[in-house]
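In what follows, a structure is listed as structure tokens, so that the remarks can point back to it.
Letters A, B, ... mirror the listed sequences (proteins, then strands); counts begin at 1. Just the heavy atoms: all of them, side chains too, but no hydrogens, waters or symmetry mates, feed the values below.
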Amino acid sequence: MSARLCEHADEAVAGIEDGSTVLVGGFGMAGMPVELIDALIRQGAKDLTVVSNNAGNGDTGLAALLAKGRVRKVVCSFPRQSDSYVFDELYRSGKIELEVVPQGNLAERMRAAGAGIGAFYCPTGVGTLLAEGKETRVIDGRTYVLEYPIKGDVALIGAHRADRTGNLVYRKTARNFGPVMATAATTVIAQVREVVETGVLDPETVVTPSIFVDRVVQEADRT
Amino acid sequence: MSARLCEHADEAVAGIEDGSTVLVGGFGMAGMPVELIDALIRQGAKDLTVVSNNAGNGDTGLAALLAKGRVRKVVCSFPRQSDSYVFDELYRSGKIELEVVPQGNLAERMRAAGAGIGAFYCPTGVGTLLAEGKETRVIDGRTYVLEYPIKGDVALIGAHRADRTGNLVYRKTARNFGPVMATAATTVIAQVREVVETGVLDPETVVTPSIFVDRVVQEADRT
Amino acid sequence: MNRNSQLTCGQGPLDKHAIAALIARDIPRGAYVNLGIGQPTLVADHLPADSGVVLHTENGMLNMGPAAEEGQVDPDLTNAGKVPVTELPGAAYFHHADSFAMMRGGHLDICVLGAFQVSAAGDLANWHTGAPDAIPAVGGAMDLAIGAKKVFVMMTLFAKDGTPKLVPECGYPLTGLACVDRVYTDLAVFDVTAQGLTVRETFGTTVEELAGRLDLPLRRPATA
Amino acid sequence: MNRNSQLTCGQGPLDKHAIAALIARDIPRGAYVNLGIGQPTLVADHLPADSGVVLHTENGMLNMGPAAEEGQVDPDLTNAGKVPVTELPGAAYFHHADSFAMMRGGHLDICVLGAFQVSAAGDLANWHTGAPDAIPAVGGAMDLAIGAKKVFVMMTLFAKDGTPKLVPECGYPLTGLACVDRVYTDLAVFDVTAQGLTVRETFGTTVEELAGRLDLPLRRPATA
């Protein structure tokens with residue numbers, strides 16, 4: 001179904017349930033859907049599993065969600081950063097679970113979820129701690145680890161522009177995980193800088209077609 | 001390494017060896033690299049395995065390559081068309097092998113080759129003739145077939161524009177298999193309508209980055 | 001052409017345009033839909049202009065428009081049947097792996113496919129007669145059959161030789177197992193359910209008559 | 001900053017800029033290269049302006065330019081270390097799955113990574129000290145280690161406490177098995193070969209001296 005345009009981020013995140021797996025776009029701050037995360041904090045869903053490349057910086061965005069105690073588990077490639085003190089403290093005190101996933105596996109496992117792939121044999125991590133206990137197979141003389149899809153109940157992503165049907169374009173390296181997460185979640189919610197009339201975006205340049213997008217909200221400081 | 005700009009299609013296809021697996025882009029005539037195929041006919045490589053969505057139409061392009069007896073095997077999703085008489089005759093007289101692959105598997109198996117995936121569990125074809133003898137596995141209650149990558153020695157693709165480093169953009173549904181095949185072959189040769197100076201293509205709109213492209217030739221009737 | 005065929009419940013058998021109109025009526029507003037090659041493409045002619053239905057073509061496009069008329073033909077813009085088509089506002093292009101990921105990942109709401117046979121369990125046979133001299137060609141049928149959220153079949157209920165196409169088990173090679181949700185035919189519309197085949201509507205015939213001609217148990221809808 | 005360090009064969013130990021210059025010298029014209037977070041990023045400063053080397057950053061870009069200077073900072077344009085960077089002509093952007101497919105599919109010519117340890121067999125340890133209170137964080141290191149055609153390591157040969165970082169077997173948790181091709185250090189450059197470690201060059205030391213300090217058999221290059 002076509003995307004629904006929301007007036008406010010609070011409307012966009014309505015209905016996210018306790019216990020949901022939430023895919024959160026962004027790589028550092030680039031592409032991070034900050035207004036949606038803030039709205040999710042207000043919305044109150046708890047016991048969440050968050051899948052994102054990082055585990056929050058400073059006191060805002062993802063770190064603020066963590067600080068509120070809403071997140072049971074983080075699945076990410078790189079939790080540790082210079083200012084990831086909120087996560088660090090929760091982790092060290094045993095208040096949050098962590099699954100570290102190689103960044104390429106994080107992306108490919110979400111792609112698999114979006115593409116209907118049941119599992120795939122992956123060359124990354126063979127012989128490492130992160131493949132311990134996982135099935136392996138030698139194919140054509142090379143060893144691979146079997147990896148399973150990561151599917152979200154919800155994806156919160158940031159994009160540059162949307163048209164009124166939900167087609168999305170991104171800008172520079174803020175594209176990162178957005179297009180992949182948009183394929184991998186049941187409900188996909190996009191925060192964009194600008195909503196344009198349908199027909200304005202060049203169809204050759206659409207990166208996330210509207211079929212993947214459920215709700216769109218324009219950033220409040222741009223409306 | 002950056003792509004090499006070739007003066008003529010004959011230069012672009014030089015060195016393709018007998019016995020090669022050649023991925024040929026296009027869906028019907030849209031995106032079909034006709035000048036490269038004609039050059040391959042002149043070049044003379046034989047005993048080829050051709051991977052393409054179709055098995056040639058009429059007397060030109062892929063059909064002409066088949067008619068010359070250069071192709072040992074065709075891997076495709078849809079060989080039979082109203083004017084596929086060249087293939088039909090070769091097939092019925094036992095002069096060519098055929099592996100029919102569901103169209104999505106054709107695309108995904110080439111993507112896997114390009115992405116370093118060793119094999120993947122795929123929902124298509126379960127319980128059908130095309131999965132006979134293939135390994136299956138039940139994951140989360142659903143049955144999947146294990147599919148392996150299709151890698152090319154060479155890919156011949158058609159695109160709309162290239163810059164001098166080999167970045168490619170496509171046009172409308174002529175995009176089809178080109179971007180996937182460009183990731184899946186050792187040597188990727190692109191026929192384009194126009195070569196532009198590097199910096200002219202908007203980096204947001206590049207579909208096949210130059211890293212995948214080895215040789216580029218502008219169509220002769222446009223030079 | 002009979003693009004204006006109206007649904008004539010109770011009358012029948014329906015022609016292909018009337019079946020297409022029936023299917024179009026059942027497609028929700030704003031749905032993302034793939035119409036298979038052949039008769040299913042007729043469904044597009046019966047979608048209301050304001051339906052918001054978005055057509056997908058597996059060769060890499062959403063918001064595909066009608067067939068190109070003379071003067072509109074662009075060799076770079078075709079549908080899955082290689083027929084020149086047009087582009088609607090809100091269109092997007094993507095490559096084949098992305099297009100089939102979209103199909104196989106369960107993102108299309110509905111696909112409409114033709115069939116040689118459909119079984120009582122919803123198995124579909126539509127790609128291969130199995131004849132020894134037939135050249136097999138599957139295209140995207142197997143991917144659509146297992147990928148779309150709902151698979152609608154559009155076919156005549158009986159083959160030209162009078163044999164039923166809705167059967168206890170398919171004799172032709174399968175396209176997909178237990179993948180069909182609903183079967184639209186010239187004589188009736190059937191839902192494939194866990195309890196068996198349910199007749200939704202009949203056209204110029206009755207459930208009893210159909211039960212006599214088909215080698216299958218048929219149920220009436222729960223509300224009937 | 002010492003961006004102009006010259007390679008001073010025979011003199012040593014080299015500082016990090018001189019190691020970076022050495023690596024830059026060995027990158028072929030037009031190569032597609034990923035420079036890991038930290039010291040490997042220094043390699044970019046030593047590539048000739050006309051090298052045609054194309055830098056990849058795993059957060060989705062080819063033809064990445066130098067770090068952004070004041071006034072150029074764009075929050076939408078960073079490298080894998082989240083540092084604002086710039087864009088060169090011929091750039092392309094792509095999403096994370098495509099970026100890592102590029103890495104894992106063997107399309108990058110070279111990646112340069114830092115390391116805690118490298119083993120004689122080319123095993124790499126660079127993501128985790130294994131300390132009980134360490135928070136593990138792998139990023140894209142494992143994908144780069146197994147994906148690039150050639151993996152170059154840039155490190156000091158000895159840790160601050162004097163223990164060798166080129167070792168018979170890694171004690172730290174591994175990033176990848178048998179994935180390193182060449183190790184650039186302050187004291188020597190080593191090739192990892194099927195026959196063991198070969199010393200390509202030394203800086204202010206000799207192969208014999210190094211053999212005495214490392215618990216490893218070292219070979220001289222075949223041509224030496």
Subject >> Neighbourhood of chain C inside residues 98-124 of chain A, taking heavy atoms under 4.5 Å as contact >> reply: Arg111(A), Gly114(A), Ala115(A), Gly116(A), Ile117(A)
**OP:** Check the angle between the aromatic planes of Phe94(C) and His56(C) and answer parallel, tilted or perpendicular using the 30° and 60° thresholds.
**Re:** parallel
Original post:
What's the verdict on ring pair (Phe, Tyr, Trp, His ring centres under 6.0 Å) for Tyr184(C) and Phe152(C), showing C-alpha distance, side-chain angles and the deciding distance?
Top reply: CA-CA 7 Å; Tyr184(C) 292 85; Phe152(C) 291 173; 5.3 Å; yes
Original post:
Thr49(A) and Arg72(A): side-chain donor and acceptor closer than 3.5 Å?
Top reply: yes
**OP:** Pick whichever of Pro149(A), Gly166(A), Pro203(A) has the most heavy-atom pairs under 4.5 Å with chain C.
**Re:** Pro203(A)
Original post:
What part of Leu88(C) lies closer than 4.5 angstrom to a heavy atom of chain A: side chain, backbone, both or neither?
Top reply: neither
**OP:** Decide, yes or no, whether a salt bridge links Glu197(A) with Arg161(A) under the criterion of side-chain N to carboxylate O below 4.0 Å.
**Re:** no
Original post:
Counting heavy-atom pairs under 4.5 Å to chain C, which of Thr208(A), Asn167(A), Asp202(A) comes out on top?
Top reply: Asn167(A)
Original post:
Does NZ in Lys151(A) sit with more than 12 non-hydrogen atoms of other residues, nucleotides or ligands closer than 6.0 Å?
Top reply: yes
**OP:** Would you kindly say whether Asp163(A) and Thr165(A) are connected by a side-chain donor-acceptor distance under 3.5 Å?
**Re:** yes
Original post:
Counting only heavy atoms not in Asp140(A), do more than 12 fall under 6.0 Å of its CG?
Top reply: no
